[in-house]
Amino acid sequence: MSGELGRLLKQVHSESGREAIAAATGQDAGLAAAGRGGMWTGVEAIDAALRQTDGTQTVVELAGAAGSGKTQTLYRICAAHALAGADGERGHVLFVDVDGRMDVRQLAQTMRATARDDAEAAEALRRVHVFAPATTGALIATLAKLGAYVGARQVRVTAVVVDGLGSNHWIDQREAAHVRLRIRRATAWFRQQQQLVDTLVAAGRALRCVVVAANTLLLAPSHSADRPERLFAAAGREYRDHMIPRWRDAVLCSFTLESEPCSVHSQQLTRVWFRPFGAPQDRHHGVAFIGRQGLQDTTAT
């Protein structure tokens with residue numbers, strides 16, 4: 001495993017968009033935000049909002065369409081916790097890859113962009129524990145066992161990230177269809193979603209750390225009778241999520257992510273906007289950039 005990590009790190013280019021990002025924002029994009037209290041992610045656009053919360057909940061939602069920067073943001077959170085914790089002590093991160101799209105090369109690039117050298121980046125990669133549940137049932141079981149997993153290894157976990165929350169939505173709906181047709185209620189699917197939400201919240205509380213869940217949005221129906229209660233506006237379009245109402249009460253704060261290509265000092269980057277759920281669509285509270293070595297943080301704008 002260590003040989004594989006070393007091989008991947010050697011493929012990581014030393015050049016990145018860091019200089020261009022710093023020029024565009026007036027700061028070193030690799031610096032972690034200072035003065036965090038309680039929960040933190042290492043992404044200032046998110047931490048600025050977390051500092052305004054009471055911390056009674058532990059779940060942060062990143063909602064966006066495909067390609068909006070959710071996974072890159074999760075990689076940045078992994079790097080922030082595995083390389084330099086808020087208290088100066090490096091932590092371990094539990095990465096739950098639901099949709100099976102985790103790219104270790106991209107994660108390695110993000111680590112290398114912040115680490116002092118390849119050895120430090122490789123050590124940080126070993127602090128990221130990856131789980132790949134293939135079904136929603138397996139996801140619930142994985143979340144329920146995280147506490148026992150951490151206890152058996154005696155490691156200090158400072159963050160749990162979940163990528164692809166709800167990526168099995170249509171599969172779950174199809175599997176529960178025969179029950180719904182028979183009893184004319186969505187009981188089986190709904191109860192599974194209740195268990196998923198409760199288990200995710202319980203995992204964060206048991207581990208006493210922040211849980212960041214990336215939620216892929218779906219296009220909202222145009223017919224008014226079918227319009228859901230929770231709508232997300234992004235890039236001039238309306239989206240809905242797949243979560244049950246209980247999810248809204250479990251989330252500490254929710255961000256809608258949008259991305260657009262941009263060029264800064266001849267560097268081709270992707271600008272990612274972070275907007276708290278419910279805020280006006282023309283008002284963005286935070287921004288970051290994605291370059292060759294992953295997402296680089298900037299001061300909230």
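Model, not experiment: these values are computed from the prediction.
Applying the side-chain contact (heavy atoms from CB on, under 4.5 Å) test to Gln195 and every residue at least two apart in sequence or in another chain returns Ile140, Thr199. Remark: His92 pairs with His129 by the ring-ring contact (aromatic ring centres under 6.0 Å, His included) rule, at least two apart or across chains. Every side-chain contact (heavy atoms from CB on, under 4.5 Å) that Asp117 has, sequence neighbours left out, goes to Ala119, Glu120.
Distance check: Arg127 CZ to Cys78 SG gives 13.0 Å after rounding to the nearest 0.5 Å. If you take CG on Leu139 and CZ on Phe131, they are separated by 11.5 Å, rounding to the nearest 0.5 Å. With rounding to the nearest 0.5 angstrom, the CG atom of Leu50 is 11.5 Å from the CH2 atom of Trp40. For the atom pair CG (Leu143) and CG (Leu196), the distance works out to 6.5 Å, reported to the nearest 0.5 Å. Here the OH-CE distance, from Tyr75 to Met111, works out to 10.5 Å after rounding to the nearest 0.5 Å. Here the straight-line distance linking atom CG of Asp97 with atom CG of Asp103 works out to 10.5 Å at 0.5 Å rounding.
Here the side chain of Lys70 pairs no donor or acceptor atom with the backbone of Leu257 at under 3.5 angstrom. Put simply, the side chain of Asp47 gets close to the backbone of Gly42: a donor and an acceptor are under 3.5 Å apart. Put simply, the side chain of Arg153 gets close to the backbone of Tyr149: a donor and an acceptor are under 3.5 Å apart. Remark: the backbone N or O of Gly69 is not paired with any side-chain donor or acceptor of Gln72 at under 3.5 angstrom. Within the 3.5 Å criterion, the main-chain N or O of Leu62 finds no donor-acceptor partner in the side chain of Asn215.
A pairwise comparison of heavy atoms in Gly147 and Leu207 identifies CA-CD2, 4.2 Å as the closest pair. Nearest heavy atom pair, residue Val43 against residue Thr41, reads N-OG1, 3.1 Å. In plain terms, the two heavy atoms of Arg116 and Arg90 that are nearest each other are NH2-NH2, 3.6 Å. What you find for Val93 and Ala82 is that their closest heavy atoms are CG2-N, 4.5 Å. Looking at every heavy atom in both residues, Ser68 comes nearest to Ala65 through OG-O, 2.8 Å. For Thr158 against Gly91, the heavy-atom pair with the smallest separation is OG1-CA, 3.8 Å.
Side-chain contact between Ile46 and Phe255: present, with at least one pair of heavy atoms (C-beta onward) separated by less than 4.5 Å. Side-chain contact check for Pro133 versus Val96: some heavy-atom pair is nearer than 4.5 Å. The shortest side-chain heavy-atom distance between Leu74 and Val212 falls under the 4.5 Å cut-off. For the pair Leu146 and Leu94, the minimum side-chain heavy-atom distance is below 4.5 Å. Using a 4.5 Å cut-off on side-chain heavy atoms (C-beta onward), Val197 and Gln193 make no contact. Residues Leu200 and Val211 have side chains in contact (heavy-atom distance under 4.5 Å, counting atoms from C-beta outward). Between Val201 and Val59, the closest side-chain pair of non-hydrogen atoms falls below 4.5 Å. With a 4.5 Å cut-off on side-chain heavy atoms, Val60 and Val251 do not count as touching.
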Test salt bridge (charged side-chain N to carboxylate O under 4.0 Å, His left out) on Glu44 and Arg76; report intermediate values, then the result. CA-CA 11 Å; Glu44 176 58 23; Arg76 182 67 185 86; over 6 Å; no

Please determine whether side-chain contact (heavy atoms from CB on, under 4.5 Å) holds for the pair Thr58 and Cys209, giving the CA-CA distance in whole Å, both sets of side-chain angles, and the decisive distance to 0.1 Å. CA-CA 7 Å; Thr58 64; Cys209 68; over 6 Å; no

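Checked for salt-bridge contact, Arg112 and Asp118 meet the test: a charged N lies under 4.0 Å from a carboxylate O.
Evaluated for a side-chain contact (heavy atoms from CB on, under 4.5 Å) with Thr71, the options Leu107, Val161, Asp99, Asp163 yield exactly one hit, Asp163.
A donor-acceptor contact under 3.5 angstrom links the side chains of Glu61 and Trp247, judged on distance only.
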